[in-house]
Amino acid sequence: MSAKLQALRADITTLAVDAIVNAANTTLMGGGGVDGAIHRKAGRELVNECATLYGCRPGEAKITKGYKLPARHVIHTVGPVWRDGTRGEAQTLEFCYRNSLQVARAHGLRTLAFPCISTGVYGYPPEKAAKVAVDTVRAVTAEHPDAYDDITFCCFSDSDLNLYQELLAA
Ligand code: AR6
């Protein structure tokens, strides 16, 4: 049976899922936004493991343990910095979702939560990003109907939650 997709307004660091996805930067050594929140809650051991990964390119995804987080793992991905929409931003964002889902599948992780990748510091318009997120997760879960149980779009604002709820209802 295909995965259940849902949107939730929550702090992603509180979710007890198999893996939360981190909107990281190419160093994987922590930062602000959701990345900062994940590193603060997970503790120093997370940055120590990240240091062994030698960074991450935009669109790639790499996995670590969750340490002090309720989530068992963190899948770190790096979204595109939004310029004007003509620099491959949508394709890079699609790769973030595809590669994160692929890493989860390779590790048998069935419940996942995504933040709204690139829509904070990296400036991607939230409405466009939500469409890429929902379209890509729908496509991958249809391609692999037995691989996932629950996929949560973890929104940090009511406006993002509204965007996802509209897309998921369509
Ligand atoms: N739980 C869920 N979502 C959150 C949380 C949280 N605790 N905190 C923030 N968000 P951003 P980006 C939302 O800026 O745009 C970092 O410094 C936030 O409201 O975290 O991909 C990295 O190191 C927004 O909707 O990530 C990179 O340098 C979404 O998470 C850079 O920022 C993404 O915002 C990455 O920028």
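Numbers here are sequence positions counted from 1. Counting convention: from 1, in listed order, for ligands and their atoms alike.
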Inset, instruction - Please could you name the atoms of ligand 1 that Ala10 approaches to less than 4.0 Å, counting only its heavy atoms? - result: 1 (N), 2 (C)

Legend entry - Over 12 foreign heavy atoms within 6.0 Å of CD, Gln6: yes

Legend entry - Linked, directly or transitively: Tyr67 and Val34 (ILVMFWY side chains, under 4.5 Å): yes

Inset, instruction - Just jot down the ligand 1 atoms closer than 4.0 angstrom to any heavy atom of Asp160, in number order. - result: 25 (O)

Inset, instruction - Could you check which of Gly120, Ser159, Cys155 puts a non-hydrogen atom nearest to atom 15 (O) of ligand 1? - result: Gly120

Inset, instruction - Can you sort out which atoms of ligand 1 are near Phe156, meaning under 4.0 Å from one of its heavy atoms? - result: 1 (N), 2 (C), 3 (N), 4 (C), 5 (C), 6 (C), 7 (N), 8 (N), 9 (C), 10 (N), 13 (C), 19 (O)

Inset, instruction - May I ask you to check whether Gly32 has an N/O atom sitting below 3.5 Å from an N/O atom of ligand 1? - result: yes

Legend entry - Heavy-atom pair with the smallest gap, counting every atom of Ile12 and Phe114: CD1-C, 3.8 Å

Inset, instruction - Report, in ascending order of atom number, the atoms of ligand 1 lying under 4.0 Å from any heavy atom of Ala37. - result: 7 (N)

Legend entry - Joint cluster assignment, Val21 & Tyr122, ILVMFWY side-chain distance < 4.5 Å: no

Inset, instruction - Look only at interatomic distance and state if Val121 has a nitrogen or oxygen under 3.5 Å from any nitrogen or oxygen of ligand 1. - result: yes

Legend entry - Residue of the set Leu8, Thr13, Leu15, Asp11 for which side chain to side chain contact (heavy atoms under 4.5 Å, CB included) holds with Cys154: Leu15

Inset, instruction - Provide the number and element of each atom of ligand 1 under 4.0 Å from a heavy atom of Asp11. - result: 1 (N), 6 (C), 7 (N)

Legend entry - Taking atom 20 (O) of ligand 1 as the reference point, the nearest protein heavy atom with its distance: Val34 N, 2.8 Å

Inset, instruction - May I have all residue pairs that pass salt bridge (charged side-chain N to carboxylate O under 4.0 Å, His left out) and include part of residues 35-57, sequence neighbours excluded? - result: Arg57-Glu60

Legend entry - Short side-chain to backbone donor-acceptor contact, Lys62 and Leu53, under 3.5 Å: yes

Inset, instruction - Please determine if Gly33 has a nitrogen or oxygen closer than 3.5 Å to a nitrogen or oxygen of ligand 1. - result: no

Inset, instruction - Please could you name the atoms of ligand 1 that Thr119 approaches to less than 4.0 Å, counting only its heavy atoms? - result: 15 (O), 24 (C), 25 (O), 29 (C)

